[in-house]
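Presented below is the structure to which this report refers.
No hydrogens, no waters, no symmetry mates; every other heavy atom, side chains included, goes into these values.
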Amino acid sequence: MKLYGYWRSTAAYRVRIALHLKEITFESISVHLVKNGGEQHANDYSELNPNHLVPTLVDGDFSLNQSLAIIDYLEQSHPKQALYPSDGKGRAKVHALALDIACEVHPLNNLRVQQYLSGSLNITGEAKQLWLEHWMTIGFTAIEIQLNDSAGQYCFADSVSVADICLVAQVYNAHRFNVDMSAYPIINQVVANCNKLPAFIKALPENQADAQ
């Protein structure tokens with residue numbers, strides 16, 4: 001199994017956590033998102049992933065993009081260390097929380113959005129920072145309210161789920177951009193609990209071979 005990703009990619013970070021939680025051996029292949037104009041735009045990689053994004057998982061002759069689709073594939077093919085609750089309502093709740101992060105928060109601060117803001121729209125660095133803080137604050141505020149009802153040690157009671165995977169990766173991104181997280185005590189505690197686990201430590205961006 002091969003994972004094409006980048007050490008700082010939030011989406012690739014999610015998949016690394018899932019792979020390590022499930023103890024799946026994989027080869028990590030770096031696609032540098034900035035060097036040489038972005039290696040994700042190179043012909044050989046864009047043929048593999050026409051969206052010009054990471055991650056992409058290759059398992060034999062099967063390839064798949066989109067981090068949550070990849071995690072769902074891993075859940076089906078490697079059921080050990082389930083990343084969703086077994087009951088339908090619990091699964092739906094966890095899935096919704098993961099989507100709140102991966103679809104509502106992360107895309108608005110992704111690299112290509114930032115590049116468009118500062119490049120094509122000529123937004124100042126200060127204005128771009130306000131953009132990042134605005135959308136992350138809206139997202140984290142909603143997540144904190146939801147976790148007040150669902151969290152135990154982790155996002156959903158006391159079992160690690162795909163919601164925790166998405167949350168940890170997004171909070172790492174928030175710290176990277178100096179977003180004030182002091183208003184979110186439940187989020188901070190859940191993330192701290194997750195980051196004590198070996199799988200989350202192995203998946204940390206700075207622990208990747210291509211980290212710079």
Any donor-acceptor N/O pair, [X] side chain to [Y] backbone, under 3.5 Å:
X	Y	result
Gln208	Lys202	yes
Asp149	Gln146	no
Gln40	Ser46	no
Asn173	His106	no
Asp158	Gly152	no

Could you pull out all residues at least two apart from [X] that satisfy side-chain hydrogen bond (donor to acceptor under 3.5 Å, both in side chains)?
X	result
Ser9	none
Asn110	none
Thr137	none

Side-chain contact, heavy-atom cut-off 4.5 Å: [X] with [Y]?
X	Y	value
Ile70	Leu74	yes
Asn109	Trp135	no
Glu144	Pro185	yes
Leu53	Asn65	no
Leu57	Met1	yes
Val54	Asn49	no
Val160	Ile17	no
Asp210	His32	no

Between OG of Ser30 and OH of Tyr4, what distance do you get to the nearest 0.5 Å?
11.5 Å

Let me confirm one number: the CG-CG distance from Leu167 to Asp100, rounded to the nearest 0.5 Å.
11.0 Å

Which residues pass the ring-ring contact (aromatic ring centres under 6.0 Å, His included) test with [X], sequence neighbours left out?
X	answer
Tyr184	Phe140
His78	none
Tyr84	none
Trp7	none

Which pairs with one or both residues in [range] pass salt bridge (Lys or Arg N to Asp or Glu O under 4.0 Å), sequence neighbours excluded?
range	answer
residues 10-26	Lys22-Glu75, Glu23-Lys80
residues 83-95	Asp72-Arg91
residues 47-61	none

Arg176 atom CZ, neighbour heavy-atom count above 12 within 6.0 Å
yes

Is the number of heavy atoms from other residues, nucleotides or ligands under 6.0 Å of Gln66 CD greater than 12?
no

Among the clusters formed by ILVMFWY side chains lying less than 4.5 Å apart, do Met181 and Leu132 turn up in the same one?
yes

So which pairs with a foot in residues 113-130 pass side-chain hydrogen bond (donor to acceptor under 3.5 Å, both in side chains), sequence neighbours left out?
Gln129-Glu133

According to the ring pair (Phe, Tyr, Trp, His ring centres under 6.0 Å) rule, which pairs have a member within residues 142-181, sequence neighbours left out?
Tyr13-Tyr172

